[in-house]
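None of the values given here were measured: they were computed from a predicted structure.
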Amino acid sequence: MIQIQWQDRLLTARRNVSLGVRRIIFRSRDEATLGAAVQTIATAAGLDVANEHATPQPGDFWLGCSPRLGWGQLDPDLVGWACSVEVPLALSVLRAAAVQSRAESARERVEGRPGLLLAVG
């Protein structure tokens with residue numbers, strides 16, 4: 001999971017939403033244009049990937065599409081959505097969060113190890 005800040009527009013009010021992303025969803029027909037970028041981000045951050053036929057879940061980030069069967073009773077604060085015009089921005093936000101997540105994981109692994117001192121004389 002990665003944590004992002006996403007600016008959402010609800011009716012006419014703008015609000016910043018902090019979202020824990022667990023899965024990225026995009027249209028099957030966008031595989032050629034988005035597939036590689038989404039897969040790179042998902043692999044780096046340990047996220048799942050799905051297409052527009054997926055059932056919405058908390059932690060989803062929908063890129064340029066909506067669920068085929070609707071949003072259901074899902075809390076809008078637990079899911080992110082980017083319209084087709086916002087997809088490049090959303091990919092940038094997700095990519096930056098994936099890089100930050102990897103850096104934090106690496107730092108935790110290094111800090112958790114006992115120090116090793118090497119003296120050369």
Side-chain angles (χ1 to χ4, degrees):
M1 180 177 75
I2 56 175
Q3 199 71 26
I4 65 168
Q5 293 291 323
W6 187 248
Q7 190 174 69
D8 189 18
R9 288 181 185 259
L10 184 61
L11 300 176
T12 58
R14 290 170 57 149
R15 61 195 180 112
N16 286 324
V17 176
S18 178
L19 177 69
V21 178
R22 298 178 190 279
R23 183 170 69 161
I24 302 172
I25 295 94
F26 66 101
R27 288 184 299 220
S28 302
R29 71 177 188 216
D30 292 337
E31 178 69 36
T33 55
L34 296 179
V38 169
Q39 201 57 52
T40 299
I41 293 166
T43 299
L47 304 176
D48 292 328
V49 176
N51 65 26
E52 71 275 16
H53 299 287
T55 301
Q57 299 174 6
D60 280 355
F61 199 92
W62 292 75
L63 293 174
C65 64
S66 298
R68 294 272 186 201
L69 299 176
W71 294 102
Q73 299 299 316
L74 188 64
D75 181 347
D77 287 336
L78 300 178
V79 65
W81 179 77
C83 70
S84 57
V85 174
E86 296 173 320
V87 168
L89 173 62
L91 288 173
S92 293
V93 169
L94 291 165
R95 188 178 295 114
V99 167
Q100 181 178 358
S101 175
R102 287 183 70 190
E104 289 172 0
S105 292
R107 186 175 27 243
E108 288 172 4
R109 284 192 305 271
V110 169
E111 289 175 355
R113 291 184 183 167
L116 178 65
L117 179 60
L118 178 63
V120 179

Task: Residue pair G64 / V87: nearest heavy atoms and the distance that separates them - done: N-CG2, 3.7 Å
Task: Taking every non-hydrogen atom, the tightest pair across R23 and A54 - done: NH1-CB, 3.8 Å
- [ ] State, yes or no, whether a side-chain contact exists between T55 and P67 at a heavy-atom distance under 4.5 Å.
- [x] no
Task: Point-to-point distance, once rounded to the nearest 0.5 Å, from CG of N51 to CZ of R68 - done: 8.5 Å
Task: Taking every non-hydrogen atom, the tightest pair across S18 and Q3 - done: OG-NE2, 2.8 Å
Task: Separation between CD of Q39 and CD1 of I24, rounded to the nearest 0.5 Å - done: 8.5 Å
Open item on the list: Once rounded to the nearest 0.5 Å, what's the spacing between atom OG1 of T43 and atom CZ of R102?
Closed with: 9.5 Å
Open item on the list: Are the side chains of L19 and V79 in contact, using a 4.5 Å heavy-atom criterion?
Closed with: no
Task: Shortest non-hydrogen contact from E86 toward W81 - done: OE1-O, 4.2 Å
- [ ] Begin with the C-alpha distance, continue with both residues' side-chain angles, and end with the deciding distance and a verdict on side-chain contact (heavy atoms from CB on, under 4.5 Å) for R22 and Q57.
- [x] CA-CA 9 Å; R22 298 178 190 279; Q57 299 174 6; over 6 Å; no
Open item on the list: Can a donor-acceptor pair be found, under 3.5 Å and without considering hydrogens, that links the side chain of T40 to the backbone of A36?
Closed with: yes
Open item on the list: To check you understand the geometry: which heavy-atom pair defines the closest contact between P56 and D60, and what is its length?
Closed with: CA-OD2, 3.4 Å
TODO: Take L94 and V38 through the side-chain contact (heavy atoms from CB on, under 4.5 Å) test and state the conclusion after the steps.
DONE: CA-CA 9 Å; L94 291 165; V38 169; over 6 Å; no
- [ ] Is it possible for you to say whether I41 and L89 belong to one hydrophobic cluster, with membership spreading through side-chain heavy-atom contacts below 4.5 Å?
- [x] yes
Task: Heavy atoms from other residues, nucleotides or ligands near CG of L69 exceed 12 (cutoff 6.0 Å) - done: no
TODO: Could you walk me through whether F61 and L47 pass side-chain contact (heavy atoms from CB on, under 4.5 Å), step by step?
DONE: CA-CA 11 Å; F61 199 92; L47 304 176; over 6 Å; no
Task: Residue pair R27 / C65: nearest heavy atoms and the distance that separates them - done: CG-CB, 3.3 Å
